[in-house]
Amino acid sequence: MGILEVKGVGKRFGGLQALGDVNLSVAESTVHAIIGPNGAGKSTLLNCLVGKLIPDTGSVLFDGKSVLGRKPHEINQMGISRVFQTPEIFADLSVLENVMIPCFAKRDGAFRLHAIESVENEKSLQDKAEEMLADVNMLEKRNMLASALSRGDKRRLEMAMCLVQDPRLLLLDEPTAGMARADTNNTIDLLKEINDKRDITMCIIEHDMHVVFSLAERITVLAQGTPLVEDTPENIKGHPKVREAYLGEAQV
Amino acid sequence: MTDQTTDTGAVRASAPKTKAASGRVLGLGGKDLSLFLLVLGLALFAPFILNPFPEGSALSQFNAGYPDLMQRFVIFGIFAIGFNILFGLTGYLSFGHAAFLGVGSYAGIWMMKLLTTNVIPAIIGSIVVAGLFALIVGFISLRRSGIYFSILTLAFAMMSFALAYSVLTPITGGETGLQLKYFDPRILDAELAPGNPPRANLFGLNMTSSYELELGSWVFTFNAGYYLAAFMMLLAFYLSIRIFRSPFGMMLRAVKSNQNRLNYTGISSKPYTLAAFVISGMYAGLAGGLLVAMDTQVGAERMFWTASGEVVLMTILGGAGTLIGPVLGAGFIKYFENIISKINSTVLHDWFAFLPDGLENVVVAIIYPFVGKGWHLTLGLLFMLVVIFLPGGLVQGGQKLATVFRRDKNAGSVESDAAKKQPGHPGE
């Protein structure tokens, strides 16, 4: 039984069946990739996992508990963190504050009226955030405004914000979308590094084959809202159905 | 470490030359403490600072050191400080905050009518009732954001105004408003001597009592009501600094910056924004209560939408999201409202009497629309100039001046950073 169990999930938008009957199991401490052509339903599936959409049918269990009908912040509190296609950070806050907010969320829950205490007295959280920044090589930038960071650093910062919460599952939504090859490779290295250091469970939604085959241990191929196959990267590469549905003439 | 966490600016590890390193006083870091002491000094010595011109001189009409105006400075300062906690930190633009001020005033005057003319219960009552009202309005309005939130708050304020003006006349006095009367119950107070009107007091100290100090041709007025209001303003200002520097304040800034990320980080943004809304409503209630404590009367026009707009102007003019900006903005607007509006055509003719007659009339005719009843025109032009050239408000202007004089561009602060970050600033 995996940490994330998706069973018979279907979602319809008007006349469009975005997801048919998706079954998926993500085992703990693995990197699981979900690939598929445009319109395959990857993003819809991800949005069903994080509480942005509620599927019409089926169930999504995280660690044995249903996530359906829960709000994004509740799902995060269960231990699922999400990385967005374009980095979502607090652009008007400093890098250190960006990382401290998830620390507060982890320690204090979804709401606490700590209006009189000073942030400066939260030494332990500050240390934790700085440690995390050191881990992604951004410690010297801690006092910079996040909006002033380069695109690659914004991505690193967002990763740091997710990782500092020690999530049990990290969801990544096309983390290299729109990136130049060099940036993509940097992101792959970052993710590999994270995976080696932390033994974290990751679920990557991705379009870019290069990324998927460099990282994933298991791959699910989604096409037209239903999973075609689920297998190891080696087997997926040579799978005739996959070539037909997705890879086509792509060089892999 | 003290200089690191709360600063949102560019690299500034080089700035701890203030008292930051030597620990904290009252829980404030070095820069905040200096800012607080500055405001404390201004508030304490306002009767001197605002009366720079000798009595009877041509410039004495620019003196603002009389009790009524000084009280307005600090009371509207409180109003703007509270508004800034909501608008400056979370970015939610409420267009109905005058409703909380008005509700606070009504609650205050009823406390004085029913219980005692001592202002303490009145002020407490104002804060509590305005807070409860803000809880209801906020709970509903915060279901939406952006322009829809603004419109919802505006609708609530206009409903409150309409109710106070007509339907709820038995409670609010309708058009005539409410005043303290000789025959009010005042169950905690002793019987008044006949013919003695009830007066707002602090344990017997009359709010209108003043001490006048004559120094040469200067007259300085120290008013009990002003100092009570100034004390409250300092308390409110101190609390607002603490809120700005707290984890709660950080969450509010995160709401403004990226609410989506905040939700996906495990924070429920609604209770944070609602708490900010209620806190700023309580500030408005405090301001309303103090207004009543000073002049012991309320009218519904206090809740009119222009009053809500005024606090928005004050905050933006001073610098939204900065600590001291709202206080400056409130002082600026109230000064213009009271001083420029006093200048009439007789005064203008006096000023320009040295010019040849024909020219004098021309000059007066040109200036006249901008003063007296036309003071809004002057204020509007100034507001436009500030928004276009100093989107961060007066605080940004002060910061620019400071850099010119000090040539020390690294010494930014949260004030300048918040000021620089205003939307629409072409430099970003």
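Below, chain A is the first sequence line, B the second, and so on; all start at residue 1. Only this structure's heavy atoms are used, side chains among them; waters, hydrogens and symmetry mates stay out.
Comparing G51(A), A129(A), P72(A), P102(A) by heavy-atom pairs within less than 4.5 Å of chain B, the highest count is held by P72(A).
Between the CZ atom in R112(A) and the OG atom in S268(B) there is a gap of 16.0 Å [rounded to 0.5 Å]. Atoms OH and CZ, on Y264(B) and R82(A) in that order, are 5.0 Å from each other to the nearest 0.5 Å. Note that the OG atom of S257(B) and the CG atom of N98(A) stand 7.0 Å from one another [nearest 0.5 Å]. To the nearest 0.5 Å, the span separating CG on D108(A) from CD1 on I267(B) amounts to 7.5 Å.
More than 12 non-hydrogen atoms from other residues, nucleotides or ligands lie less than 6.0 angstrom from CZ of R107(A). Dense packing is recorded around CZ of F13(A), with more than 12 heavy atoms of other residues, nucleotides or ligands lying under 6.0 Å away.
Contact between P247(B) and S118(A) at its shortest, heavy atoms only, is CD-C, 4.2 Å. The two atoms that bring F104(A) and M250(B) nearest to each other are CE1-CE, 3.5 Å, heavy atoms only.
Both the backbone and the side chain of K52(A) come within contact range of chain B, judged by heavy atoms closer than 4.5 Å. Contact of A275(B) with chain A is made through the side chain alone, with heavy-atom distances under 4.5 Å. Only the backbone of V83(A) comes within less than 4.5 Å of a heavy atom of chain B; no side-chain atom from C-beta onward does. With a 4.5 Å cut-off on non-hydrogen atoms, L125(A) does not touch chain B at all. Residue contact with chain B, scored on non-hydrogen atoms closer than 4.5 Å, is absent for V95(A). Contacts between E74(A) and chain B at a heavy-atom distance below 4.5 Å are absent for every atom of the residue. In this structure, chain A has no heavy atom under 4.5 Å from any part of I241(B). Using a 4.5 Å cut-off between heavy atoms, M161(A) contacts chain B through its side chain alone, with no backbone atom that close. In this structure, chain B has heavy atoms under 4.5 Å from both the backbone and the side chain of A115(A).
A salt bridge is absent between R242(B) and E117(A); no separation between the charged side-chain nitrogens and carboxylate oxygens falls under 4.0 Å.
Panel note: side chain N263(B), backbone H73(A); no donor-acceptor pair is recorded below 3.5 Å. Between the side chain of S246(B) and the backbone N or O of I116(A), no donor-acceptor pair lies under 3.5 Å. No donor-acceptor distance shorter than 3.5 angstrom exists from the side chain of Y272(B) to the backbone of L113(A), with no hydrogens or angles considered. Panel note: side chain R261(B), backbone E88(A); a donor-acceptor pair is recorded below 3.5 Å. Using modelled atom types, no side-chain atom of N258(B) and backbone atom of F90(A) make a donor-acceptor pair closer than 3.5 Å.
Two residues are said to be in side-chain contact when any heavy atoms from C-beta on lie closer than 4.5 Å; Q165(A) and T265(B) meet this criterion.
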Item to check | Residues M251(B), I101(A); criterion side chain to side chain contact (heavy atoms under 4.5 Å, CB included); working and verdict | outcome: CA-CA 7 Å; M251(B) 295 301 172; I101(A) 284 175; 4.0 Å; yes
Item to check | Residues L93(A), R253(B); criterion side chain to side chain contact (heavy atoms under 4.5 Å, CB included); working and verdict | outcome: CA-CA 8 Å; L93(A) 271 60; R253(B) 285 188 290 132; 3.9 Å; yes
